[in-house]
Amino acid sequence: MSQLPSTVLERVFEQARQRPEAIALRRCDGTSQLRFGELVAEAERLAEALNAQAVSRGSRVLVVSDNGPETYLSVLACAKLGAIAVMVDGNLPSATIGRFGEITAPSAILVAPKSRIGTADLPEALHSIPAIPVHIPSGARDSTNPLDVSSPAGNPEQGADDPLAMIFTSGTTGEPKAVLLANRTFFAIPDILQREGLNWVTWVDGETTYSPLPATHIGGLWWILTCLMRGGLCITGGENTSSLMEILNENAVASTCLVPTLLSKLVSELKSANATVPSLRQVGYGGSRAIAADVRFIEATGVRTAQVYGLSETGCTALCLPTDEGSIAKIEAGAVGRPYPGVGVYLAGPDGGGPTIAGAAPSASFGTLWIKSPANMLGYWNNPERTQETSVDGWVNTGDLLERREDGFFYIKGRSSEMIISGGVNIAPDEVDRIAEAVSGVREAACYEIPDAEFGALVGLAVIPSTDLDESDARKLKQSIAAHYRRESESVARPSTIVIVAEIPRTQSGKVMRASLAAAVGANIAGTVIRG
Amino acid sequence: MVEALREKILAAVCDVLYIDEAELIDGDATDLRDLGLDSVRFVLLMKQLGVDRESELPSRLAANLSIEGWVRELEKST
């Protein structure tokens with residue numbers, strides 16, 4: 001493999017040299033189209049505007065995202081100057097954006113056109129910071145000169161370890177942390193796959209891809225940047241679309257990345273319409289627990305799938321479970337994949353620390369997963385204490401509980417921090433959810449903690465049924481769920497209370513927000529709660 | 001009196017164990033452990049039946065884990 005450029009921008013510039021007329025980015029409604037030549041020219045122009053506001057290498061720039069082409073253009077403009085793009089969802093409340101500004105002290109703000117918040121609506125604390133609306137000129141295509149291949153490259157003075165972007169994460173609870181990601185985060189894993197000749201996730205040069213994931217989500221940003229670096233036609237936006245299938249078919253999309261809830265939506269649309277997406281060859285998915293039946297359905301249409309596991313802190317994917325013999329059975333059992341070559345993994349048992357402590361025990365077969373990936377974050381911005389807690393000598397503590405089985409795959413059991421301790425026994429919440437979701441008549445299920453003076457905690461279970469139920473049917477469903485737990489679960493993990501709810505609160509990627517669920521059920525506000 | 005007590009126990013057992021009366025395969029003699037009674041659900045049932053946890057009654061009930069056994073013990077205690 002020839003030596004590839006060491007920054008994201010350099011790699012996108014390389015594509016612009018090879019295919020200046022090819023479309024790089026387009027919003028799913030057909031607007032904001034940018035060809036590769038235009039993309040780099042507009043990035044240069046926007047970088048000049050930022051430079052005029054004293055933005056330079058290492059400066060932070062808030063990118064108020066609408067998930068469209070202007071958002072990705074903004075990231076590349078920051079990269080041109082060596083500035084760090086701080087990704088902020090344009091739909092967030094003004095106060096939250098203000099808090100993100102407080103944490104990152106930006107020198108400028110770029111506002112994408114379809115953000116709910118405009119330059120005039122920014123919080124007062126940010127009023128003194130120059131804000132630039134980002135627009136793609138409608139005549140960009142006609143006015144752009146072909147890229148001069150002899151012109152200076154994107155940012156040759158920077159390297160793989162230089163920071164490119166920040167993503168905010170608060171997990172399912174807690175204070176927001178700004179995850180600082182280097183250029184290498186966005187190509188280390190694809191480079192490994194290419195070098196090793198593995199087809200776990202594949203990119204085809206110039207292929208059309210679609211991401212409905214937010215650009216402020218590690219999966220969304222990672223996927224679009226990896227595809228731009230391969231000369232892909234990237235369709236973005238439409239995260240609230242009524243039909244994923246239509247977007248995929250209208251744009252003849254070959255690959256897409258989804259979270260499991262969107263995968264379920266796509267499957268439901270395909271079933272209702274009795275249709276397929278003939279152009280589609282690959283679906284990547286991750287972010288929360290996958291539903292095996294959905295993956296099976298997609299694969300039956302001839303599409304390859306790849307479950308990816310990772311966090312913002314591990315620079316997106318560190319483990320992968322692609323289509324393979326027996327892969328559906330593994331997903332049913334809770335598998336999330338196995339590490340890419342070159343990615344270190346370590347399971348810390350209940351008595352052990354991380355892999356870096358003196359005299360660390362060998363990796364356990366069950367425990368908290370630590371990952372050492374070339375895509376791992378640089379750290380949390382301006383938060384050395386939290387960085388030290390999570391990242392040690394290049395290893396990241398995921399906080400997730402996994403089991404490594406003899407097949408070499410890792411099976412998720414929940415979050416260490418979400419572990420419910422009942423009568424001194426640790427209960428992995430994902431495992432409790434998985435058992436309920438196997439019951440006929442259950443569409444979604446999630447457990448939560450009920451504080452209890454005697455046992456410390458009891459397990460509650462919230463269930464969304466597949467169909468509307470009257471009180472008698474609800475009672476029967478609960479009996480059916482309870483009977484399943486008696487067969488499948490250890491005694492202490494069996495829910496003491498089962499409630500029917502209309503909604504289960506989840507993060508954007510589909511992870512259950514268990515504290516919010518407990519509060520909602522407790523306050524009887526999570527929709528219609530039927531006790532019985 | 002006994003029938004009302006039995007109905008009360010049965011309702012509590014069905015509620016806490018999420019079972020239907022038809023699942024009492026041996027009728028009121030069914031061992032409640034076969035229907036998922038464990039330490040967590042035992043405590044929940046004691047609370048639901050208003051049993052004094054400091055008394056000897058819980059241990060007597062724990063030694064007779066069936067509807068008929070509990071009717072007998074609770075009747076004695078009243």
Side-chain angles (χ1 to χ4, degrees), chain A residues 420-427 432 435-436 439-442 445 447-463 465 469-500 529-532, chain B residues 4-70 73-74 77:
Chain A
I420 299 172
I421 304 171
S422 181
V425 177
N426 289 344
I427 300 166
V432 177
I435 291 171
V439 176
S440 173
V442 173
C447 68
Y448 57 93
E449 182 174 315
I450 303 170
D452 183 84
E454 196 146 339
F455 292 94
L458 298 176
V459 179
L461 183 76
V463 173
L469 303 177
D470 61 22
E471 199 158 342
S472 164
D473 288 338
R475 179 77 192 157
K476 282 180 192 147
L477 179 61
K478 290 175 186 181
Q479 289 171 351
S480 172
I481 293 167
H484 194 63
Y485 275 101
R486 289 200 288 274
R487 290 191 296 272
E488 299 283 330
S489 169
E490 59 181 326
S491 176
V492 73
R494 285 164 42 208
S496 63
T497 303
I498 304 172
V499 294
I500 304 290
V529 178
I530 304 167
R531 289 200 52 88
Chain B
L5 184 58
R6 179 191 174 273
E7 287 303 314
K8 181 182 170 189
I9 293 168
L10 179 64
V13 165
C14 288
D15 190 38
V16 168
L17 299 184
Y18 288 100
I19 59 161
D20 193 78
E21 188 176 355
E23 292 179 71
L24 296 164
I25 293 171
D26 293 329
D28 286 1
T30 305
D31 189 326
L32 295 176
R33 286 172 295 190
D34 295 341
L35 295 170
L37 185 68
D38 60 6
S39 58
V40 168
R41 274 142 275 265
F42 183 80
V43 169
L44 294 175
L45 276 165
M46 294 303 101
K47 288 178 183 167
Q48 193 143 338
L49 293 169
V51 172
D52 178 3
R53 303 284 306 285
E54 303 301 316
S55 70
E56 287 182 1
L57 188 53
S59 56
R60 294 211 310 270
L61 293 174
N64 291 280
L65 295 173
S66 64
I67 301 277
E68 65 181 19
W70 285 13
E73 293 299 335
L74 285 172
S77 71

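A note on names: the letters A, B, ... follow the listed sequences, proteins ahead of strands, and every chain is numbered from 1. Only heavy atoms go into these numbers, but all of them, side chains included; no hydrogens, no water, no symmetry mates.
The shortest distance between side-chain heavy atoms of B:Val40 and A:Val459 does not fall below 4.5 Å.
Between the CD1 atom of B:Ile19 and the CZ atom of A:Arg475 there is a distance of 8.5 Å, given to the nearest 0.5 Å.
The backbone N or O of A:Ile498 sits less than 3.5 Å from a side-chain atom of B:Tyr18, completing a donor-acceptor pair. Under the 3.5 Å distance criterion, the side-chain polar atoms of A:Arg494 are left unmatched by any main-chain donor or acceptor of B:Arg41.
The heavy-atom pair separating A:Glu454 from B:Val43 by the smallest distance is OE2-CG2, 3.5 Å.
Ranked by heavy-atom pairs shorter than 4.5 Å toward chain A, the options B:Val16, B:Leu17, B:Asp20 are led by B:Asp20.
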